[in-house]
Visitor: 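Here it is, the structure, as structure tokens.
In what follows, chains carry the letters A, B, and so on, assigned in the order in which the sequence lines appear, proteins first and then strands, with residues in each chain numbered from 1. Just so we're clear, the structure is a prediction, and the values are computed from it rather than from any experiment.
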2 protein chains.
Amino acid sequence: MTSVSKENYLKLIYAHKQRSNESVTTSILAQDLEVSNAATSEMAKKLYSSGLVTYRKYKGLELTQKGTKIALDVVRRHRLWELFLMKVLGLSWAEVHDEAERLEHISSEKLIDKIDEYLEYPILDPHGEPIPNKDGVMPEVPKSIKLSEGKIGTRYELTKVDDRGSDLVMYLNQVGMGLNKRIYIVEKYSFDNSVVIKFDGKELSLSEKVAQHLFIIKTN
Amino acid sequence: MTSVSKENYLKLIYAHKQRSNESVTTSILAQDLEVSNAATSEMAKKLYSSGLVTYRKYKGLELTQKGTKIALDVVRRHRLWELFLMKVLGLSWAEVHDEAERLEHISSEKLIDKIDEYLEYPILDPHGEPIPNKDGVMPEVPKSIKLSEGKIGTRYELTKVDDRGSDLVMYLNQVGMGLNKRIYIVEKYSFDNSVVIKFDGKELSLSEKVAQHLFIIKTN
DNA sequence: AATCAAAGTTAAGCATACCTAAATTAATAT
DNA sequence: ATATTAATTTAGGTATGCTTAACTTTGATT
């Protein structure tokens, strides 16, 4: 009923709306999906007649409520998979996206629920993006800040690890650090901008470089 | 190059050969895949011209070395996913098959390797079937027996849990029992055919009914 | 207001993987 | 050996989601 291709269109229309708050044109979709304008123009008609988008020729498309529901569900599946792959199976930030891109379309609701449960109903994915809940409600989450910008004597939760082109995640795994961990900033040294954090009873010193690639939000 | 559909054909041709040791006909494939004879007949030609099977009209198909390699890889991906879904995410025996049926076609080699590593390079899937290794070699494994048929004072490994229509896996999870666990048979009572096993230092008594649905192989 | 380039749509066609119905081959019975 | 039937293949067609090329609409410029 809702094919892989259609789900990708809906996801993109949703993403675009989030960024620009405008309706998407067929040519923007064509660019993003790397297909011809003809293809997206045709798909626009199909999505329209399935009641998933509003669409008037030469104007753009916008998700209907029905379309939004599906888009949010795809986003949910994508983000849960990303977090799971990174946290449980140790794939890198760079790898999880493409993998999740495929997994999101073929996972049963049951499987997604199990992953959600396994991860203890997380709110943020490894990129720090919020994960819609089962009912398609996007949780309100404070913007993540860099660990290097955290305050001494404050509790945070690790929400995002940007390990583009590095083995940061692997290193963190080794020292028992990982996404969703609750941490406490013990000290910050100005001579090298290193940050000392405490988690699970252990203390760990992180260089400026690393502290710039870990993102956190305040917790109680 | 090798589509989902083609992978399914190859997997089936492989499975058939395992059972009957004969080349498979297009109509058997049609039955198993629930498609028309015309469809399988056409596909036979395509697989042939890709060098994945030998095929002569009105005779059957047989996997070439190239085809066997792919089939074994699909089987590997399928069985690793089944074990992972059951052991890690707690899906039931009944559920894992269909889920793995879809996952097997879209998982990168990297992901499969990570799952393999996570599971510590298992040899058997939850149905007690051997898992081909990365090089497409099927491990030689002794046939599993029912736990109820195990001998007192002997060490075994749990290889298969047949929980068709029951919550056996959930129960086992609760008591810390699971696939690949090493167990030791302490006692068997003839008055109710229950079996007492020991694992992880704990003792556990299992009813005849349960012991008929757990399968084991001898270990050193 | 008329023109024109850019954006968007339509038309015709392709690959994949199916379908039904018709034709062919193989196997079996007389 | 031939006829019959069962198995298999071919022919022609469909849906999906693409393609390129031709055409239309929009809207910015003069």
Side-chain angles (χ1 to χ4, degrees), chain A residues 1-14 16-17 19-20 22-63 66-67 70-71 74 101-102 104-106, chain B residues 1-14 16-17 19-20 22-63 66-67 70-71 74 101-102 104-106:
Chain A
M1 212 232 90
T2 313
S3 63
V4 169
S5 194
K6 280 187 184 138
E7 286 191 352
N8 281 329
Y9 275 85
L10 295 176
K11 198 176 51 164
L12 245 175
I13 298 167
Y14 178 83
H16 185 270
K17 176 82 179 200
R19 275 192 250 99
S20 76
E22 276 170 27
S23 62
V24 207
T25 60
T26 51
S27 35
I28 289 175
L29 290 177
Q31 266 202 303
D32 289 354
L33 291 165
E34 298 185 289
V35 298
S36 68
N37 280 18
T40 56
S41 209
E42 273 199 339
M43 185 59 98
K45 281 191 273 179
K46 288 183 197 160
L47 294 173
Y48 174 73
S49 55
S50 310
L52 299 171
V53 302
T54 60
Y55 171 55
R56 279 177 315 140
K57 280 190 206 169
Y58 301 99
K59 310 290 174 200
L61 355 195
E62 231 157 324
L63 293 177
K66 202 172 148 193
I70 296 175
V74 178
E101 202 74 6
R102 280 171 279 121
E104 69 191 14
H105 303 294
I106 53 103
Chain B
M1 211 232 92
T2 314
S3 62
V4 169
S5 194
K6 281 190 182 133
E7 287 191 352
N8 281 328
Y9 275 84
L10 296 176
K11 198 176 52 165
L12 245 175
I13 298 167
Y14 178 84
H16 186 269
K17 177 82 178 200
R19 275 193 249 99
S20 75
E22 276 170 26
S23 64
V24 73
T25 60
T26 51
S27 35
I28 289 174
L29 290 177
Q31 267 202 304
D32 289 354
L33 291 164
E34 297 184 287
V35 299
S36 69
N37 281 16
T40 56
S41 207
E42 273 198 340
M43 185 57 100
K45 280 191 274 179
K46 287 182 198 161
L47 293 173
Y48 173 73
S49 55
S50 312
L52 299 169
V53 302
T54 60
Y55 170 55
R56 280 176 316 138
K57 279 189 207 171
Y58 300 99
K59 310 290 173 198
L61 355 193
E62 231 156 324
L63 292 177
K66 203 171 147 193
I70 296 175
V74 179
E101 201 73 6
R102 279 172 280 121
E104 68 191 15
H105 303 295
I106 53 103

Visitor: At less than 4.0 Å, is any side-chain N or O atom of B:K45 found next to OP1 or OP2 of D:dT10? Yes or no.
Guide: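 B:K45 to D:dT10 OP1/OP2: side-chain N or O found under 4.0 Å.
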Visitor: Tell me which nucleotide among C:dA21, C:dT16, C:dT9 gets nearest to the side chain of B:A38.
Guide: C:dA21
Visitor: Working note: A:L63 + A:L52, criterion side chain to side chain contact (heavy atoms under 4.5 Å, CB included); need CA distance, chi angles, decisive distance, verdict.
Guide: CA-CA 6 Å; A:L63 293 177; A:L52 299 171; 5.8 Å; no
Visitor: Could you state the atom-to-atom distance from CD of B:E42 to P of C:dA21 in whole Å?
Guide: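 To the nearest whole Å, that distance equals 17 Å.
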Visitor: Start at the 5' end of DNA chain D and walk down; is the nucleotide closest to B:I28 or to A:E34 reached first?
Guide: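 Closest to the 5' end, via its nearest nucleotide, is B:I28.
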Visitor: In this structure, how many angstroms lie between the C1' atom of C:dT9 and the NZ atom of A:K46, rounded?
Guide: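 Distance, rounded to whole Å: 14 Å.
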Visitor: Looking only at the side chain of B:S41 (C-beta and beyond, no hydrogens), which of the listed nucleotides C:dT20, D:dT19, D:dT9 gets closest?
Guide: D:dT9
Visitor: Is the distance from OP1 or OP2 of C:dT9 to the nearest side-chain N or O of A:T26 less than 4.0 Å?
Guide: yes
Visitor: Taking 4.0 angstrom as the limit, do B:E62 and B:K17 come out as a salt bridge?
Guide: yes
Visitor: Provide, to the nearest angstrom, the distance between the CZ atom belonging to A:R56 and the C1' atom belonging to D:dT26.
Guide: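 These atoms are roughly 13 Å apart.
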Visitor: Give the C-alpha distance, both sets of side-chain angles, the deciding distance and a yes or no for side chain to side chain contact (heavy atoms under 4.5 Å, CB included) between B:L29 and B:L12.
Guide: CA-CA 7 Å; B:L29 290 177; B:L12 245 175; 4.0 Å; yes
Visitor: Whole-Å distance between C:dT9 C1' and A:Y55 OH?
Guide: 7 Å
Visitor: Under 4.0 Å between a side-chain N or O of A:S36 and OP1 or OP2 of D:dT19?
Guide: yes
Visitor: Counting side-chain heavy atoms from CB outward, which of D:dT24, D:dC18, C:dC19 is closest to A:Y58?
Guide: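 Of the candidates, D:dT24 comes closest.
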Visitor: Not counting sequence neighbours, which residues clear salt bridge (Lys or Arg N to Asp or Glu O under 4.0 Å) with A:E42? List them please.
Guide: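 Salt bridge (Lys or Arg N to Asp or Glu O under 4.0 Å) list for A:E42, sorted by chain: empty.
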Visitor: May I ask you to say what A:T40 touches in the nucleic acid, namely base, sugar-phosphate or nothing, with a heavy-atom cut-off under 4.0 Å?
Guide: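 Answer is nothing: A:T40 stays at 4.0 Å or more from every strand.
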Visitor: I need the CG-P distance between B:N37 and C:dA21, as an integer number of Å.
Guide: 14 Å
Visitor: Looking at A:K57, does any N or O in its side chain come under 4.0 Å of the phosphate oxygens OP1/OP2 on C:dT10?
Guide: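 So the side-chain polar atoms of A:K57 do come within 4.0 Å of the phosphate oxygens OP1 or OP2 of C:dT10, strictly under.
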Visitor: What is the distance, rounded to the nearest whole Å, between atom CG of A:L47 and atom P of D:dT16?
Guide: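 Rounded to whole Å, this separation is 12 Å.
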Visitor: For residues 3-10 of chain B, which residues have at least one heavy atom under 4.0 Å from DNA chain D?
Guide: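 None, since no heavy atom is under 4.0 Å.
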Visitor: Test A:H16 against A:D32 for side chain to side chain donor-acceptor pair (under 3.5 Å), laying out the working first.
Guide: CA-CA 10 Å; A:H16 185 270; A:D32 289 354; over 6 Å; no
Visitor: Which nucleotide wins on minimum distance to the side chain of A:V35, given the candidates D:dT9, D:dC18, D:dT20?
Guide: D:dC18
Visitor: Determine whether B:L47 and B:Y55 satisfy the following criterion, side chain to side chain contact (heavy atoms under 4.5 Å, CB included), listing intermediate values before the conclusion.
Guide: CA-CA 9 Å; B:L47 293 173; B:Y55 170 55; over 6 Å; no
Visitor: Write down the atom of A:S41, the atom of A:T26, and the distance for their closest heavy-atom approach.
Guide: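 Result for this residue pair: CA-CG2, 3.9 Å.
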Visitor: Considering only side-chain heavy atoms of B:K59, which listed nucleotide, D:dG17, C:dA27, C:dT16, is closest?
Guide: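 The nucleotide sitting nearest to the side chain is C:dA27.
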Visitor: Tell me: CD of B:Q31 to P of D:dA7, nearest whole Å?
Guide: 10 Å
Visitor: Show, in sequence, the C-alpha distance, side-chain angles and deciding distance for B:Y9 and B:T40, and conclude whether the side chain to side chain contact (heavy atoms under 4.5 Å, CB included) test is met.
Guide: CA-CA 9 Å; B:Y9 275 84; B:T40 56; 3.6 Å; yes
